[in-house]
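Whatever order the structure lists ligands and atoms in, that order sets their numbers, starting from 1.
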Amino acid sequence: MQMKNIAVLTSGGDSPGMNACVRAVVRTIKYHGLNAYGIMRGYQGMIEGDIVELQSRDVSNILQRGGTILKTARSKEFLTIQGRQKAFDNLQKHNIDGFVVIGGDGSCRGALQFYKDFNVPSMATPGTIDNDLAGSDFTIGFDTAINTAVDAIDKIRDTADSHNRLFIVEVMGRDAGYIALHSGLACGAENILIPERKESMQEVIERIADNNKRQKLMSIIVVAEGDEMGGAHHVDKYLKEFYPNLDSRISILGHIQRGGSPTCADRILASRTGYAAVEGLLNGRSQAMVGVINNEIAYTPFDEVVKLTQPIKADMMEMIKVLSV
Ligand code: F6P
């Protein structure tokens, strides 16, 4: 079937670069002389019929902006068949033939289920700061998020150094340790705690003892929010059981990691995947996430994306031990 009307939505947590991807999707659709629609607030807007037609000019001047002009949501109603039925009825009202969803694995799961229910073709692009998706070396927003975290941790190091203090910095990432790993390595953190690596707490204890011997009193621990130690407060409590006089401070970076102008790398990734998602749909592809693997566009079926995660590279895992002294 030749598509005439294609929609785009952003779904799940926002990430820097989503706007660049919306722009690429809309402009590619318009390049082919077709109609582009924006669905507001993710799948929730699809259920509520919050759908607007978009022209090329409507996506001017958004490439460099964080957040998403289409707004986003995590829709509980879309998990129900009744919700998805309403969403389907609204797509039909606008004669929408297929859509591109920019989001994480929950968004792919939604699109897959929707296809099983109503046979509506869709493609996804990897929009999440967490970098936890199989099918793309990097996700849209990850590079910006780690640069934001690096900027913050560098500043924290100044105070850690001046006061000879230990800082525990908690970063986002949900169940994945990518943000902690990359920002920790890039800032020379003395310890990095991530869910993918289990033995790390004992090492922290030993390293503090070793540092104390060497009179090295300042130290930075970067902990992923999803680490089995349960975040910065738990790490601090645990350490104080061993070192009651530890002069420690906690810094939880939080949502600053989700905002801000996307880096060049994120703008390019967003533009490449947005363009390839539309080209894929027009060439008869569907039910796949577009990613970039080894600098090549790659289409990974949704059922693989939702089953797999992206394992951390062995050399990076090893570097945690080797470089942090
Ligand atoms: O998935 C992106 C993310 O920022 C995670 O890193 C974090 O765990 C979660 O979203 C926070 O979600 P919310 O903004 O809904 O609190």
* Taking atom types as modelled, find out whether His94 and Glu53 have a side-chain donor-acceptor pair closer than 3.5 angstrom. => no

* Structure fact -> So the atoms of ligand 1 within less than 4.0 Å of a heavy atom of Glu225 turn out to be 5 (C), 6 (O), 7 (C), 8 (O)

* Can an N or O of Gly173 be found at a distance shorter than 3.5 Å from an N or O of ligand 1? -> yes

* With Asp143, which of Thr148, Asn131, Thr263 fulfils side chain to side chain donor-acceptor pair (under 3.5 Å)? -> Thr263

* Is it true that Asp89 and Lys93 have a side-chain N and a carboxylate O under 4.0 angstrom from each other? -> no

* Structure fact -> Note: ligand 1 atoms sitting under 4.0 Å from heavy atoms of His255 are 13 (P), 14 (O), 16 (O)

* Can you name the residues that form a side-chain hydrogen bond (donor to acceptor under 3.5 Å, both in side chains) with Gln92, not counting sequence neighbours? -> none

* Within a distance under 4.0 Å of any heavy atom of Arg174, pick out the atoms of ligand 1 and give their elements. => 1 (O), 5 (C), 6 (O), 8 (O), 9 (C), 10 (O)

* Should Arg74 be listed as contacting ligand 1, given a heavy-atom distance under 4.0 Å as the test? -> yes

* Between Lys4 and Asp97, is the closest basic N to carboxylate O distance under 4.0 Å? -> no

* To do: For residues 222-232, pull every pair meeting side chain to side chain donor-acceptor pair (under 3.5 Å), keeping only residues two or more places apart or in separate chains.
  => none

* Provide, to 0.1 Å, the distance between atom 11 (C) of ligand 1 and the closest protein heavy atom, together with that atom's residue and name. => Arg258 NH1, 3.6 Å

* Nearest protein heavy-atom contact for atom 5 (C) of ligand 1: which residue, which atom, what distance? -> Asp130 OD1, 3.5 Å

